[in-house]
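What you see is a predicted model, and the numbers here were worked out from it, not measured in a lab. Order of appearance sets the numbers: ligands from 1, and atoms from 1 within every ligand.
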Amino acid sequence: MTITFYGGAKTVTGSNYLLDSGEIKILVDCGLNQGSKYSEDMNYEKFAYDPAEINFVFITHSHTDHVGRLPKLFKEGFRGRVIASRPTIDLASKALPDNLNIITEEAKREGREPIFELKDLEGVLELSEGFDYEVPIDLGGGVKAILHDAGHILGSTIVEIDFEGKKIYFTGDLGNPPTPLLQPPFFPKDADYAVVESAYGSRIHEDRSSRKIMLENVIKETLSKGGTLMIPSFAMERTQELLYELNQFVNHNQIPKVPIYVDSPLATNLTEVYKKYPNYFNKTAHHVIESGDDIFNFPGLIFTRTSDESKAINNVKGSKIIIAGSGMSMGGRILHHEMRYLPDPNSAILFIGYQVMGSLGRRILDGEKEVRIFGEKIAVNCQIRAIGGYSAHADQAMLLKWIASAGSGGNLKKVFVVQGEEDSSTILAEKAKTDLKINAVVPSQGESFEL
Ligand SMILES: [Zn+2]
């Protein structure tokens, strides 16, 4: 078996790995390359292999940088099977049309064709098949696969492929337990090879035991002044985690009763998917649901779908909480609310996610007193708050623990460190070599290894 790294090598996004036994060709992930633009130019390049020859594509989870080029693969001739967890396929079928809209708009601005069309998206979804965790999947030719829980977002998987008496594990994105909704990630003990993410390969997360208390405090502080609390949030997982925590606050009368808006059609659609898979949640969340509590619904919660409903939020007098995308204020409905409430000293903006350099969210977080939104100068007088600890990625300590476990059976021959900036991947690989005495490499784009 040969493995080739066609994406996600020395970079965070664009995951795309090919296993080739000569008889059978398996891809793991087919992600979009994302950087300062939603879709980078390199997504326009043809795949370096023939998509028509691929038998299986495993999708580790429904984030765009893992699934976003799947319709393009179909466009270039792929007609094999797509295998993922059941929630992953469900979430991807909601998120990919949203991706297509953004990709199409971006392409239109640049005067070129989008990288795929609706018919490619529909075509590839028809080839998709959902599995539960821990179910053996026979791929033929003596090759088997199993999906394990990665604890990163709903339905995220660690993909195990068994071939020639050997096992290779792909972490996909590895979770950061404990999380409000998910189970901790699976820890293998019998790996021969592992392909390990490294988004936080050089960093240790701050303690997050207090994040729920901090959230409660920010809400109370803003509402006591009669202000509006804006929370820019990613539509997938982060929004559902927030709703779960807000549900608890409301049920236990911990915060004043004010309207809470989820002003994002995508987040609303994805939340509907979350409701379908209570068995994928951790024991505590599952127990709350069993007791009859609808964890994504509570008095005062309003999902606004249409843009008229969104605009009407502005006319609601008094305190409120608004959760809207995008998570880094790089677009989306949050911008309209920021225009209105950033100048208000009684209101607040709360950041719960990483804000990339250059994003509007980062500029506000860094304390700029005036920003531009839709060409207008907007004064920033509101309170600015940030809570760390919402990261959905394992940090360096957790990644090393996972690698140590994978090698505990004594068979681990090589770890391939991927899905990180080069520095981050290199530091993690060095740590694995020095601290764990495990052979680790940072593959380059297009590089192949014999397994
Ligand atoms: Zn992810």
Inset, instruction - Taking both backbone and side-chain atoms into account, decide whether His66 has an N/O/S atom under 2.8 Å from the Zn ion (ligand 1). - result: no
Inset, instruction - Validate the cation-pi geometry between Arg86 and Phe131: distance from NZ or CZ to the six-membered ring centre under 6.0 Å, angle to the ring axis within 45°. - result: no
Legend entry - Metal proximity, His393 vs the Zn ion (ligand 1), N/O/S cut-off 2.8 Å: no
Legend entry - Name of whichever N/O/S atom of His63 is nearest to the Zn ion (ligand 1): ND1
Inset, instruction - Taking the six-membered ring for Trp and the single ring otherwise, decide whether the centroids of Tyr6 and Phe47 are under 6.0 Å apart. - result: no
Inset, instruction - Kindly indicate whether a cation-pi arrangement holds for Arg385 with Phe351, taking the cut-offs as under 6.0 Å to the six-membered ring centre and within 45° of the axis. - result: no
Legend entry - Residues Lys276, Glu272: salt bridge by 4.0 Å N-O rule: no
Inset, instruction - Just give me the atom name: the N, O or S atom of Asp173 closest to the Zn ion (ligand 1). - result: OD2
